[in-house]
Amino acid sequence: MRLKVTTWNVNSVRLRMSLVARFVAEHRPDVLCLQETKVEDGKFPLGEVRRLGFGHVAYNGQKGYHGVAIFSQLPFDQIEKRDFCAKGDARHIAVRFAPEAGAAAGAVVHNLYIPAGGDIPDPSQNPKFAHKLAFLAELDGWFRGGFPHSQDRAILVGDLNIAPLEHDVWSHRQLLDVVSHTPVETEAMRRVMANGGWIDVMRRFVPETEKLFTWWSYRAADWTKGNRGRRLDHVWASPAIAPMARSIEVLREARGWDRPSDHVPVTAIFELGAARAHAI
DNA sequence: ATGGTGGCACCGCCA
């Protein structure tokens, strides 16, 4: 069974619904994880999402800011929304696929929107950067110890707002002091991955020596000029499911669509084998 | 070297 999972920071799901529809029509993901939906749950465009063919929808939103959602063709039997840093921010949602989801049954998908962290890369001067580091520390604490069962299948996607590797940014040297690529963040991210046992699926398909970006700033007259991008969006997998990954696609062309998000969709395809259920 | 754009809520905040 093929499982196609896409992560996309849409920067307002209501404003971008026609682009979401276009993406779904052209790429048909089984699971679409969105970040920055920017809509409170009571105003979530559930009808439009169902019309796109997703029978199973989970969302965690708030008014104006943040917000995450998972659209799925496969049923789930558990939904979790974790309130990182006890701030009441809508930055996480996870689902576990139900027994009826075939070979995906029991697999868990986490959808995360890590704080951007403001402009000044100093937690003592910038509370937003302090929040980002606290969020990463909590994430590390949560996943520390990895996966209790060797068969636990978990996928973590989202806008993690960190470009961890040298070639995840257009200029490593020029971005070392820029929030998203500072050593304190990239090291914190490496700790989360190492302590949790997560595998960077995108880099299993694109060598670390090759530039790989998922985001290009709005603050440029021409986003293609100089290709000044960053890899802020990620697909991670537990050891039980990482070997089942078959491909990664970064849809760069979506940055050139009419009224685009500043992030583009990232899609992973997994070829799933036998199932085993576990708790989120 | 600085400021650049975009979204939402509301005339500022966050990215």
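Naming convention: chains lettered A, B, ... in sequence-line order (proteins, then strands); numbering from 1 in each chain.
- Look at NZ on A:Lys38: it is 12 Å from P on B:dG6, rounded to the nearest Å.
- Taking the six-membered ring where the residue is Trp, the centroids of A:His27 and A:Trp8 are separated by 6.0 Å or more.
- Of the listed nucleotides (B:dG7, B:dG6, B:dC10), B:dC10 has the atom at the smallest distance from the side chain of A:Lys63.
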Does the salt bridge (charged side-chain N to carboxylate O under 4.0 Å, His left out) test come out yes or no for A:Arg96 and A:Glu80, once each step is laid out? CA-CA 9 Å; A:Arg96 185 184 71 173; A:Glu80 181 180 355; over 6 Å; no

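- When the nearest nucleotides of DNA chain B are assigned to A:Asp262 and A:Lys43 by heavy-atom distance, the more 5′-ward of the two goes with A:Lys43.
- One C1' atom belongs to B:dA15, the other to B:dG4, and the distance between them is 14 Å to the nearest Å.
- Counting only heavy atoms from C-beta on, A:Ala116 has its side chain closest to B:dA15 among B:dA15, B:dG12, B:dT5.
- Distance CD (A:Glu40) to P (B:dC8): 12 Å, rounded to an integer number of Å.
- Surrounding CZ of A:Arg204 are more than 12 heavy atoms belonging to other residues, nucleotides or ligands, all under 6.0 Å away.
- B:dC13 and B:dA9: their C1' atoms are spaced 9 Å apart (whole Å).
- Here B:dG6 presents its C1' atom at 18 Å from CH2 of A:Trp257, a figure rounded to the nearest Å.
- If you take atom C1' in B:dC10 and the same atom in B:dC14, they sit 14 Å apart, rounded to whole Å.
- Toward the 5′ end of DNA chain B lies the nearest nucleotide of A:Arg14, the other residue of the pair A:Asn9 and A:Arg14 mapping further downstream.
- Taking atom CE of A:Met17 as the reference point, atom P of B:dC8 lies 12 Å away to the nearest angstrom.
- Among the heavy atoms of the strands, none lies under 4.0 Å from A:Arg228.
- A:Asp233 places its CG atom 15 Å from the P atom of B:dA15, with the value rounded to the nearest Å.
- In this structure, the nucleotide among B:dA9, B:dT5, B:dG7 sitting nearest to the side chain of A:Arg259 is B:dG7.
- The distance between atom NE2 of A:His66 and atom P of B:dC13, rounded to the nearest whole Å, is 14 Å.
- Within the shown strands, B:dG12 is the pairing partner of B:dC8 under the Watson-Crick or G-U definition, both distances less than 3.5 Å.
- Rounded to an integer number of Å, the gap from CZ of A:Arg219 to P of B:dG4 is 10 Å.
- B:dG7 and B:dT2: their P atoms are spaced 28 Å apart (whole Å).
- Salt bridge A:Arg203/A:Asp168: present, at least one basic N to carboxylate O contact under 4.0 Å.
- Atom CG of A:Asp258 is surrounded by 12 or fewer heavy atoms from other residues, nucleotides or ligands within 6.0 Å.
- Contact annotation: A:Arg91 reaches the phosphate of B:dA15 (side-chain N/O to OP1 or OP2, under 4.0 Å).
- B:dA15 atom C1' lies 13 Å from atom CD of A:Gln62, rounded to whole Å.
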